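Below is one structure, written out as structure tokens, with a few remarks after it.
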Number of protein chains: 2
Amino acid sequence: MTYSIGQVADKLDISPYTLRYYDKEGLLPFVDRNAAGRRRFKDNDFNFLEVIVCLKEAGVPVKQIGHFIDLCMTGDSTLHDRYDFLAEHEAQLEAKMARLQHTLDFLRWKKWYYKTALQAGTESIHYLPGTNHVDPAVHAEFNRLVANGAQPKDLGAL
Amino acid sequence: MTYSIGQVADKLDISPYTLRYYDKEGLLPFVDRNAAGRRRFKDNDFNFLEVIVCLKEAGVPVKQIGHFIDLCMTGDSTLHDRYDFLAEHEAQLEAKMARLQHTLDFLRWKKWYYKTALQAGTESIHYLPGTNHVDPAVHAEFNRLVANGAQPKDLGAL
DNA sequence: ATAGAATCTAGAGTTAACTCTAGGTCAAGC
DNA sequence: GCTTGACCTAGAGTTAACTCTAGATTCTAT
């Protein structure tokens, strides 16, 4: 069973342009061509495509993905390099997810900030008296609510 | 207390170029200037900068961040819009983190794939007999190990 | 007072990752 | 047999987010 570039594009929800671009960048050396020069993807190619899509989602630049594919094509002598490559990007992704968790926490505190302002009808309830400057005690209050067991995700809900 | 662009750049670990670029894009309308036209950041400005950095980390485009800052400068009439803006990006970030968790799971399975290949000295232990194609049973085996209580994070460790 | 460092603006240059155009080939349906 | 749509390559164009340059000004430390 083989697949045209359009069929693969549909399956992966990627444009054929993008697939050709990846090919140009060396990400698809495993893809066969028919007599007319058209790409014919095999079932096994989806194992590679899955890895490419995964690394893309992980934020790995196309050039580095190309390097990984090179390692794959070289054979068993590169098994260790491939392991290290994945371990490195696993670590980077873990770090990124930790950062995003902090970002999410921050968004939730700000949502609570606006929820309470909205309920008061004015943001100025959060200001230091006589200024336009946010009272640091407001954030401390939010943290106190969380420390007392409230879910940050719920505190901001209207 | 005020801060120069260089001091703010150091604190936020952003280049002064980038801060000026953000200013040009309308992200910093709240920043004062001294008599000579130089930017003077106030303590309260860090509340805005914190939001900008957070939205950047969340993957929000600069233009949209500019729109949010516009809302902030407009006053209490935009409180609801600001709440909705944050709620929308909270949802997007949650979705992204769920995708990244799948990506991380995939990286861990591939790490295990290479760990076992490495221990066998060859990737071919994962191939269907007489082919270069990966046996789907290999992934199934990994899933079985996870279903039996193994931690994906540990299965790939050398 | 003065040298070196930091800042300013306007605008050019860079990079990554697409995205599309032009001009041509090929395959399927009527 | 012919049209329509998918595919091909090479290469140009686009977009976002910086990043830097040039030329002028200002601040700081001796």
Side-chain angles (χ1 to χ4, degrees), chain A residues 1-42 45 48-49 51-70 89 92 96 99 103, chain B residues 1-42 45 48-49 51-70 89 92 96 99 103:
Chain A
M1 190 57 191
T2 66
Y3 309 85
S4 70
I5 195 172
Q7 290 171 318
V8 174
D10 285 347
K11 267 200 214 218
L12 302 184
D13 205 26
I14 289 179
S15 79
Y17 294 143
T18 302
L19 282 171
R20 290 194 200 98
Y21 162 69
Y22 287 167
D23 199 1
K24 219 186 293 192
E25 295 296 309
L27 269 57
L28 311 179
F30 47 83
V31 177
D32 292 339
R33 302 287 184 126
N34 69 8
R38 299 192 171 186
R39 293 175 185 82
R40 288 297 144 194
F41 291 77
K42 304 173 291 302
D45 293 348
F48 289 107
L49 292 168
V51 170
I52 290 168
V53 168
C54 164
L55 292 173
K56 278 257 76 201
E57 177 73 32
V60 180
V62 166
K63 274 205 172 109
Q64 284 188 53
I65 298 176
H67 176 237
F68 182 78
I69 297 291
D70 283 349
H89 288 292
Q92 284 188 20
K96 180 192 212 156
R99 282 200 311 280
T103 300
Chain B
M1 191 56 191
T2 67
Y3 308 85
S4 70
I5 195 171
Q7 290 171 318
V8 174
D10 285 346
K11 267 198 213 220
L12 302 185
D13 205 26
I14 289 179
S15 79
Y17 294 142
T18 302
L19 282 170
R20 289 194 201 98
Y21 162 69
Y22 287 167
D23 199 2
K24 220 185 293 194
E25 295 296 309
L27 269 57
L28 311 179
F30 48 83
V31 177
D32 292 339
R33 301 289 183 123
N34 69 8
R38 300 193 166 183
R39 294 173 184 82
R40 288 297 143 193
F41 292 77
K42 304 173 291 302
D45 294 348
F48 290 107
L49 291 168
V51 171
I52 290 168
V53 167
C54 163
L55 293 173
K56 278 256 76 202
E57 177 73 34
V60 180
V62 166
K63 274 206 172 103
Q64 283 188 54
I65 299 176
H67 176 236
F68 182 78
I69 297 292
D70 282 349
H89 289 291
Q92 285 188 20
K96 180 192 213 158
R99 283 200 310 279
T103 300

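Computation of the quantities below employed the complete heavy-atom set of this structure, encompassing side-chain atoms and omitting hydrogens, waters and symmetry-equivalent molecules. Letters A, B, ... are given to chains in the order of the sequence lines, protein chains preceding strands, and every chain is numbered from 1. Computed from a prediction, not measured in an experiment: that's the story for all the values here.
Residues B/Arg40 and A/Ala36 both approach DNA chain C. Their nearest nucleotides, taken by heavy-atom distance, put B/Arg40 toward the 5′ side. Closest-nucleotide positions on DNA chain D for B/Val60 and A/Arg39 were compared, and the one nearer the 5' end corresponds to A/Arg39. The nearest heavy atom of DNA chain D to B/Arg38 and to B/Val62 marks one nucleotide each, and the one closer to the 5' end goes with B/Val62.
Contact footprint of chain A on DNA chain C: nucleotides with an atom under 4.0 Å from a non-hydrogen protein atom, first to last in 5' to 3' order, C/dA17 to C/dC26.
Within the 4.5 Å cutoff, the side chain of A/Arg38 has heavy atoms near those of the A/Arg40 side chain. For the pair A/Ile14 and A/Val53, the minimum side-chain heavy-atom distance is below 4.5 Å. Within the 4.5 Å cutoff, the side chain of A/Tyr3 has heavy atoms near those of the A/Lys11 side chain.
Of the residues in residues 9-34 of chain A, those with a non-hydrogen atom less than 4.0 angstrom from any atom of DNA chain C are A/Tyr17, A/Thr18, A/Tyr21, A/Tyr22.
Put simply, the side chain of A/Asp10 never gets that close to the backbone of A/Gln7: no donor and acceptor are under 3.5 Å apart. A/Lys56 contributes no side-chain N or O that, together with a main-chain N or O of A/Ile65, makes up a donor-acceptor pair within less than 3.5 Å.
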Can you give the donor-acceptor pairs under 3.5 Å from side chains of residues 19-29 of chain B to other protein atoms, not counting sequence neighbours?
{"residue": "B/Asp23", "atom": "OD2", "partner": "B/Arg33", "partner atom": "NH2", "Å": "3.3"}
{"residue": "B/Asp23", "atom": "OD2", "partner": "B/Arg39", "partner atom": "NE", "Å": "2.7"}
{"residue": "B/Asp23", "atom": "OD2", "partner": "B/Arg39", "partner atom": "NH2", "Å": "3.2"}

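Atom CG of A/Asn34 sits in a crowded spot, with more than 12 heavy atoms from other residues, nucleotides or ligands closer than 6.0 Å.
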A/Val60 vs A/Phe68, test: side chain to side chain contact (heavy atoms under 4.5 Å, CB included). Steps then yes/no.
CA-CA 11 Å; A/Val60 180; A/Phe68 182 78; over 6 Å; no
